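One structure below.
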There are 2 protein chains.
Amino acid sequence: MKDPVIKVTKFTLKRLPHYYRFVSTCLDKGLQFISSEEIAKGVQINAVQIRRDLMMFEAIGTPGVGYSVEELHSKLGEVLGLKNVNEAVIIGIGRLGRAIIDYPGFERYGLKIVGLFDSDPGVIATKINGKEIFAVDELEHIVGRLHIKIGIITVPDEWAQSVADTLIKSGVKAIWNFAPVDIRVPEDVVVRNEDLAAGLATLCHLFAGKSSDGFH
Amino acid sequence: MKDPVIKVTKFTLKRLPHYYRFVSTCLDKGLQFISSEEIAKGVQINAVQIRRDLMMFEAIGTPGVGYSVEELHSKLGEVLGLKNVNEAVIIGIGRLGRAIIDYPGFERYGLKIVGLFDSDPGVIATKINGKEIFAVDELEHIVGRLHIKIGIITVPDEWAQSVADTLIKSGVKAIWNFAPVDIRVPEDVVVRNEDLAAGLATLCHLFAGKSSDGFH
DNA sequence: TAGATTGTTAATCGATTAACAATC
DNA sequence: TAGATTGTTAATCGATTAACAATC
């Protein structure tokens, strides 16, 4: 019998990490149950929306009582694919790469960075947090042998696509790209282009809008 | 006469930075005109969608010819609020903070980080790229005096909200938060919570979905 | 003119919200 | 039972797509 793949819309999916984070803190506090209203306050999302989103697990809540914190936490983690530790490699050990390597939020999500790569002879063979940095030339070899499925790209724009291609050739199925270019991948590979500058542009626009509105 | 505030939906806004980036490269290549089809290929978004999005500037394109690269570039930059340089401060000079300080995509968007702050006596008064790091205690004073409107938060979770409060009190109107918590702000302040771990969670889910699908 | 491509209207699709019956 | 809160259905809202007339 195969696992029923839980279908979630793109939009629901975006909200899940927030629920997960909030529910995690509730768990830490030792709470037993929470209502959709309480979650709503915690994550600033409409309570109806939340109930709707949580409907993907059938009948996980108890009317009149709320949701079991523990169960909800566990289910959310499962849907988000955080149950098993995911091993990843990171390519590009500049400042951004280093920041990612010890970004605090990741452990909770079970991400384990097991391979560090760079092309700069000056950093190759040095260590970060006890992990050695390898030459990019070895990327294909190592990724293939360790059966790594996730690659994190923190190299300059002009290298990003070619690094991605190498990763894919080596069997990587999920790419998290921080270079400010849109990476092309085949159908069976998922990619997330995390363009920080785009986030900035969005913020600037909202800001510009607000400030001109202010004068009317 | 006041500037007509161009209304853009949340979704259009998310696509604009991509257009902007692509059009920038066309400009660099010296192209005169591009069609919505060409942009579509470049950014992997439906051409109709693009035309629809670009309708916010009235009649900027020429039927049968396309859009003037130069004009489009300039208009997009304007809408995104990138015309004037935006000065910002950053609080939290850890690895992430340092990565942000020299992330390559930002200059193009006119972001200028003019103040660096941290609470660690070990880094206060040291310099990065020639810019001195100040004590957080001076944040309110300096931000207020320089009339800074944008604050970037790269401190640990537990400090994020309080730093945000200080920023707001000092007159900051836009906050870009990298700490993995949702920051609360008053109505007249815009905030963008850039939770990297949430991005990871999204990627993991997509990945998990793909891999189980693969077996059917 | 003929060909290309825009701007716009109408049709479709999907997400959010409101209302409420079912359940503890 | 009465009160609370879920799960679900129906109504609304907004975004995307398709079709095409207008324009260069």
Side-chain angles (χ1 to χ4, degrees), chain A residues 4 6-19 22-23 26 31-76 79 198 202 205-206 209, chain B residues 4 6-19 22-23 26 31-76 79 198 202 205-206 209:
Chain A
I6 298 180
K7 281 285 168 209
V8 190
T9 71
K10 213 171 66 183
F11 292 86
T12 297
L13 183 53
K14 264 206 186 140
R15 289 184 291 265
L16 293 188
H18 295 273
Y19 304 161
F22 180 73
V23 172
C26 293
L31 295 178
Q32 297 273 315
F33 290 91
I34 31 171
S35 68
S36 54
E37 279 299 345
E38 288 167 307
I39 303 176
K41 270 200 201 122
V43 298
Q44 293 180 288
I45 292 174
N46 188 329
V48 180
Q49 182 79 267
I50 293 171
R51 292 209 296 280
R52 191 122 238 251
D53 287 339
L54 296 182
M55 273 173 55
M56 60 182 172
F57 327 103
E58 76 283 344
I60 195 190
T62 315
V65 179
Y67 300 87
S68 151
V69 173
E70 204 178 313
E71 194 182 356
L72 189 52
H73 181 260
S74 144
K75 289 273 187 186
L76 281 170
V79 172
T202 308
H205 173 85
L206 290 173
Chain B
I6 298 181
K7 279 287 170 210
V8 189
T9 72
K10 212 170 67 182
F11 292 86
T12 297
L13 182 54
K14 263 204 187 142
R15 289 184 292 265
L16 294 188
H18 296 272
Y19 304 161
F22 180 73
V23 172
C26 293
L31 294 177
Q32 296 275 315
F33 290 91
I34 30 171
S35 68
S36 54
E37 279 300 344
E38 289 168 307
I39 303 176
K41 271 202 200 117
V43 299
Q44 293 181 288
I45 292 173
N46 189 328
V48 180
Q49 182 79 264
I50 293 171
R51 291 210 296 279
R52 192 119 241 249
D53 287 339
L54 296 183
M55 274 174 55
M56 60 181 172
F57 327 104
E58 77 283 342
I60 193 188
T62 316
V65 179
Y67 299 89
S68 152
V69 173
E70 204 178 312
E71 192 181 0
L72 189 52
H73 181 262
S74 142
K75 289 273 188 185
L76 281 169
V79 172
T202 309
H205 172 85
L206 290 173

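So you know, we letter chains A, B, ... as the sequences are listed, proteins then strands, and number each from 1. Scope of the values below: all heavy atoms of this structure, side chains included, with no hydrogens, waters or symmetry mates. For clarity, every value in this text was computed on a predicted model and none was experimentally measured.
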Interatomic distance, [X] [atom1] vs [N] [atom2] [rounded to whole Å]:
X: A:Glu71; N: D:dT6; atom1: CD; atom2: P; answer: 14 Å
X: B:Phe11; N: D:dG14; atom1: CZ; atom2: P; answer: 11 Å
X: A:Ile39; N: D:dT6; atom1: CD1; atom2: C1'; answer: 12 Å
X: B:Phe33; N: D:dT23; atom1: CZ; atom2: P; answer: 19 Å
X: A:Met55; N: C:dT23; atom1: CE; atom2: P; answer: 14 Å
X: B:Met56; N: C:dT6; atom1: CE; atom2: P; answer: 15 Å
X: B:Lys75; N: C:dT6; atom1: NZ; atom2: P; answer: 17 Å
X: B:Gln32; N: C:dT5; atom1: CD; atom2: C1'; answer: 18 Å

Closest to the 5' end of DNA chain C, once A:Val48 and A:Pro63 are matched to their nearest nucleotides, is A:Val48
Judged by atom type as modelled, is there a donor-acceptor pair below 3.5 Å linking the side chain of B:Thr62 to the main-chain atoms of B:Val65? no
Applying the Watson-Crick and G-U wobble criteria at under 3.5 Å, what pairs with C:dA15? Answer none if nothing qualifies. D:dT12
Using both distances under 3.5 Å as the test, list the Watson-Crick or G-U wobble partner of D:dA4, or none. C:dT23
May I ask you to verify if any side-chain N or O of [X] is less than 4.0 angstrom from the OP1 or OP2 atom of [N]?
X: A:Tyr67; N: C:dC24; answer: no
X: B:Arg51; N: C:dG7; answer: no
X: B:Gln49; N: D:dA15; answer: no

Using a heavy-atom cut-off of 4.0 Å across all strands, would you classify [X] as base, sugar-phosphate, or nothing?
X: A:Ile60; result: sugar-phosphate
X: A:Thr9; result: sugar-phosphate
X: B:Ser36; result: sugar-phosphate

Note: for A:Arg52 and A:Thr62 on DNA chain D, the residue whose nearest nucleotide lies more 5' is A:Thr62
Spacing of [atom1] belonging to [X] relative to [atom2] belonging to [Y], to within rounding of 0.5 Å:
X: B:Phe22; Y: B:Glu38; atom1: CZ; atom2: CD; result: 7.5 Å
X: B:Met55; Y: B:Arg52; atom1: CE; atom2: CZ; result: 5.5 Å
X: B:Leu72; Y: B:Ile60; atom1: CG; atom2: CD1; result: 5.0 Å
X: A:His18; Y: A:Ile50; atom1: NE2; atom2: CD1; result: 11.5 Å

